[in-house]
Amino acid sequence: MLDKTYSPQSVEARISERWDQSGAFEAEASDNKAPFAVMMPPPNVTGSLHMGHALNMTLQDVLTRYRRMSGRNALWQPGTDHAGIATQMVVERQLREEGTDRASLGREKFVDRVWQWKAESGGTIVKQLQRLGASPDWRRERFTLDEGLSEAVRTVFVRLYHEGLIYRDKRLVNWDCQLLTAISDLEVDQRETKGHLWHFKYPLEGAEEGAPNSFITVATTRPETMLGDTAVAVHPDDERYAHLIGRHVLLPLVGRRIPIVGDTYSDPEKGSGAVKITPAHDFNDFEVGRRHGLEAINILDKHGQLNDAVPEPYRGLDRFEARKRVVVDLEALGLLEKIEDQVHAVPYGDRSNTVIEPWLTDQWYVDAAVLAKPAIEAVEEGRIRFVPKNWENTYFEWMRNIQPWCISRQLWWGHQIPAWYGPDGHIFVAMDEAEAVKLAEDHYGEPTKITRDPDVLDTWFSSGLWPFSTLGWPEQTPELKTFYPGDVLITGFDIIFFWVARMIMMGLHFMDDVPFRDVYIHALVRDEKGQKMSKSKGNVIDPLELMDAYGTDALRFTLVAMAAQGRDIKLSEQRVAGYRNFVTKLWNAARFCQMNECAYAAGFDPAGCAMTANRWIISACAEAVRDAGQALDAYRFNEAANTLYSFVWHTFCDWYLEIAKPALYGDDGADKTETRSAAAWILERTLEALHPLMPFVTEELHESLAKHEHDMLVTTEWPAFDKGLIDTSAKQEMDWIVRLIGEVRSVRSEMNVPPGATVPLQLADANERLCAWFGTHKTTIETLARVDASISAQPSQDADRGDSIQIVLDNATLLLKIADFIDIAEERARLERELSKINGEIAKIDKKLSNPKFLERAPEDVVEEQRERRADADLSRQKLDQAVARLNAL
RNA sequence: GGGCGCGUAGCUCAGCGGGAGAGCACCACGUUGACAUCGUGGGGGUCGCUGGUUCAAUCCCAGCCGCGCCCACCA
């Protein structure tokens, strides 16, 4: 016998173990079932499970389990990402605590150390995913830095290089002065910051000192960069300054003679209308510099301190220190015109949280614009579909304006770039050192020493290959053939650019096909106040804690039920508790079935039930499962969850099991046998349908039930019904019974009839069909409404004496004999209320039906529906009129 | 500056052209042989505002108000 409540803690680990041993998650390329492939977004090895993972992984697991049960050869490809910067930071922090650093360790030892860290701590996230019930093929787990994937990375790099799509260039990059590496545009966070706009006067060459027009004023938010100025730009059409174009200013503090150039970049509306140009430290200025052949003077070293290119007093100063000094010194010279407050965007590194510097260095770039073209077309042509569709706009917007992608990073942890340099700087790109050496020998005509580029690749470069590198590419493996392209990618919108776009570009380029058909973009999980969860805010809800407290299934179900398309999820613990209750409800329904020997019966034919109630519940189950399946097909996760929730709790537990009780408690016989089988059948289908959403409790129940068809739920078929099980007449009949009971209960409650009291109920003045229904379900009505039921052809004398409440249900009247509780005046008021309600409805319908335009233009079935409603309402009104008349006759 | 999204019951949210819904919270009653992590009944909403399209608008369109997010090189 099942316990009274479900204890997830003791069950989940055991069930996990069984799944694992059964090999249920394993997918084979040789399998001839239709493949279904999902690529897991690889979490960082440094990661531990947060709510975003929990949602992302749960949705993937739901789909994978659903498709697997639906007969697909389902591969969910797992793995982790080496996360260059994040991981290197973690290990460097450890080293600091040990009083050392990576420089003193040296590259090789440092990298060894990171691998060691990965071996010890890198598996955390994987274990946590198992706790969540994730069902990927763990045998196939990959790591972006493992042997095979590294080969894929080198292959891609070499090929793109030879195609001219990867190149080396000296230009401005976003430089992180703390991590000492370049980062991509996407890793820069523009933050609105309160700062100042300083207006400086630059003396014009050849102007008379002190004369009114002896200066040109420039404005800047970054005074220290003036030390690297090589021009002042004005708009060619700006009358105030046009005459100055071609003249020079003498750069204060430095003494450099720099030109005044005309460039449309200068905006007469902004600042003073003249803008200082620092090509080496500003992206716009860099372009201006290129147009005018200006020198780019780099004034910063890699730490963000001023270098030898500036006058002696400023050398070695930190950039922020230099800013103050420059202002002070210019003021002393009388060249500070004014200071304004200004809110402006300051670039921060998303990892280091420090101010990013545009810095002039040699880096490797991918010509993203070329790769983007087919990637844009794939989405335009619908070969890839975003769900919800609006994300396509975001994708297009970014892809159509894509910039060269800086892929080199000055880190040690990652894929070292397969490029070597000869003594003269000649570049040799090759799969390995031996090949590079040979290339060099061919090039120079003799063995020549070459050195490898020390940089590593952006982590996203390797994750961009994930959909095919994990399947064995560049080898042409059976896996690749079977599982590429994948079916759906499930991820958050925050990595559409970082990852999704890159996978599409790389997949199309190297596999000549899209990496996946659908991209389902889910929402962000926020706290219950709608704030983004973050460690610094301290509002992080830990999924593991919720799993401990409420069970994994409750958490999963919550996330699925709240995953409506296009809206963020505000998670509250209360909600999880609510779904824990649902798990308990399901558990107890199963327990009830077990107690009453509702067990799988070999010959049971769900289409052949004699009892209406059984036909009805089977029909309702078929509808619910069909709807849930359709919802999952359309990625409407919340709908699937709600449909099943409502069916299990309200239809099955609240109504069916209560209706079934008399038969189950009664004497042996056909009714009891059939009801037992039907209940068991429904329970099994319910467990199957819920399994993708709540794998643990359903598997546990499946195992605990006395007899069943299949060994494990995980490999059972998702219930697929044919239309034959949907029985509209049973539905009509039971709906009426349900409403009847509801009406009686409502009246009893309103009239304060003691819940325990059994009172007479008479169906009066009803047609044959209703009388037949009433008769068939007499026991159900009596049990659930606590009445003694009978049928009378005429309204009874009880009503005429005022001993009964009259309940109008469609075109029948129910008489509830509760004389002791009736207050005639109140009863009259109640009936009048009913009457006015129905009259209101009739008036509304009449308004429509009397509108000739409605009759003329509304579709036929809508008009017909209104007519039927009108007729039904009219019947009810007649009955109510009669009831009132009888009361008035007293 | 551009783009996206959201304003529906006290709270969190579904629905989205033809009869306003769920969960939680709230109120009343209930120890009926699965479940008090429960059952039964109940109260509560001019579906942000203003126009327009339509026979019909919470739903479509426009504008406005409020809120959030993303992108953008502006001194």
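Sequence lines set the chain letters: A, B, ... in the order given, protein chains first and strands last, and positions in each chain run from 1.
- Between B:G7 and B:C59, the two P atoms lie 12 Å apart (nearest whole Å).
- Ranking B:G19, B:C73, B:C4 by closeness to the A:N284 side chain, first place goes to B:C73.
- No hydrogens or angles considered: nothing links the side chains of A:E397 and A:T394 as a donor-acceptor pair under 3.5 Å.
- Annotation: B:C47 and B:C13 have their C1' atoms spaced 13 Å apart (nearest Å).
- Across all strands shown, A:P859 has heavy atoms under 4.0 Å from base atoms, whether or not it also approaches the sugar-phosphate.
- Minimum atom distance to the side chain of A:L657 is reached by B:A34, of the listed B:C35, B:A34, B:G42.
- Checked by atom type and distance alone, the side chain of A:R748 pairs as donor or acceptor with a backbone atom of A:A785 at under 3.5 Å.
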### Base-pair map of RNA chain B as dot-bracket, where | denotes pairing with a different strand and pairs are Watson-Crick or G-U under 3.5 Å
((((((((.[[[[.)..(..]]]].(((((.......))))).....[[[[[..)....]]]]])))))))....

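- For A:E340 and A:H199, the side-chain atoms include at least one donor-acceptor pair closer than 3.5 Å.
- Here the P atom of nucleotide B:C71 and the CZ atom of A:F396 are 19 Å apart, to the nearest Å.
- The C1' atoms of B:C49 and B:U58 are separated by 14 Å, rounded to the nearest whole Å.
- Going from atom CZ of A:F652 over to atom C1' of B:C38 covers 17 Å, rounded to whole Å.
- For B:C11, neither phosphate oxygen OP1 nor OP2 lies less than 4.0 angstrom from any side-chain nitrogen or oxygen of A:S572.
- At whole-Å resolution of the value, NZ in A:K570 and C1' in B:C69 are 13 Å apart.
- Among A:R869, A:R870, A:R877, the one residue that satisfies the side chain to side chain donor-acceptor pair (under 3.5 Å) test with A:E841 is A:R869.
- Between the NZ atom of A:K389 and the P atom of B:G5 there is a distance of 13 Å, given to the nearest Å.
- Residues satisfying the side chain to side chain contact (heavy atoms under 4.5 Å, CB included) criterion with A:F396, sequence neighbours excluded, are A:I376, A:V379, A:E380, A:E392, A:R400.
- Among B:G18, B:A14, B:U37, the nucleotide with an atom closest to any side-chain atom of A:V862 is B:G18.
- Toward the 5' end of RNA chain B, the nearer of the two residues A:I741 and A:T221, judged by each one's closest nucleotide, is A:I741.
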### Task
Do nucleotides 20-33 of chain B as a string where each nucleotide becomes B, S or -: B if the base has a protein heavy atom under 4.0 Å, S if just the sugar-phosphate does, - if no protein is that close.
---SS----S--S-

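- Residue-level contact check: A:Q866 touches the backbone only, with heavy atoms under 4.0 Å from sugar-phosphate atoms and none from bases.
- Here B:C73 presents its C1' atom at 13 Å from CG of A:N401, a figure rounded to the nearest Å.
- Comparing the P positions of B:C16 and B:U31 gives a spacing of 43 Å, expressed to the nearest Å.
- B:G44 and B:A28 are spaced 15 Å apart, taking the C1' atom of each and rounding to whole Å.
- As a whole-Å value, the separation of A:L524 CG from B:C69 P is 10 Å.
- Nucleic acid contact for A:R748: none, since no nucleic acid atom lies under 4.0 Å from a heavy atom of the residue.
- Among the protein residues, A:D654 comes within range of the sugar-phosphate backbone only, with heavy atoms under 4.0 Å from sugar or phosphate atoms but none that close to a base.
- In the set B:A14, B:G41, B:A34, the nucleotide with an atom closest to the side chain of A:R745 is B:G41.
- Nucleic acid contact for A:G273: base, since at least one base atom lies under 4.0 Å from a heavy atom of the residue.
- In this structure, A:E860 atom CD and B:G18 atom C1' are separated by 14 Å, rounded to whole Å.
- Side chain of A:R676 to main chain of A:N596: a donor-acceptor pair is present (N/O by atom type, distance under 3.5 Å, no hydrogens or angles).
- A donor-acceptor contact shorter than 3.5 Å links the side chain of A:E187 to the backbone of A:S184.
- Computed from coordinates, the A:L571 CG to B:C13 C1' distance equals 13 Å when rounded to whole Å.
- Donor-acceptor pairing under 3.5 Å, judged by distance alone, is present between the side chain of A:K585 and the base of B:C35.
- Nucleic acid contact class of A:S266 (heavy atoms, under 4.0 Å, all strands): base.
- Going from the C1' atom of B:G10 to that of B:C27 covers 13 Å, rounded to whole Å.
- Qualifying salt bridge (charged side-chain N to carboxylate O under 4.0 Å, His left out) partners for A:K672, counting only residues two or more places apart in sequence or in other chains: A:D668.
- B:C26 and B:U37 have their P atoms separated by 14 Å, with the value rounded to a whole Å.
- Looking at heavy-atom distances under 4.0 Å, A:C593 makes no contact with the nucleic acid at all.
- A cation-pi arrangement is absent between A:R323 and A:W198, since the terminal nitrogen or guanidinium carbon is not both under 6.0 Å from the aromatic centre and inside a 45° cone about the axis.
- Taking the six-membered ring for Trp, A:Y520 and A:F637 have ring centres closer than 6.0 Å.
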With a 3.5 Å cut-off and sequence neighbours excluded, list the donor-acceptor pairs that the side chains of residues 643-656 of chain A form with protein atoms.
| unit_1 | atom_1 | unit_2 | atom_2 | d |
| --- | --- | --- | --- | --- |
| A:T643 | OG1 | A:E639 | O | 2.7 |
| A:Y656 | OH | A:N614 | OD1 | 2.5 |

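- Donor-acceptor pairing under 3.5 Å, judged by distance alone, is present between the side chain of A:E658 and the base of B:A34.
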What pairs of donor and acceptor atoms, side-chain ones from residues 849-856 of chain A against any protein atom, are under 3.5 angstrom apart with sequence neighbours left out?
| unit_1 | atom_1 | unit_2 | atom_2 | d |
| --- | --- | --- | --- | --- |
| A:S850 | OG | A:D846 | O | 2.8 |
| A:S850 | OG | A:K847 | O | 3.2 |
| A:N851 | OD1 | A:K853 | N | 2.9 |

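- A gap of 31 Å separates the P atoms of B:A25 and B:C67, to the nearest Å.
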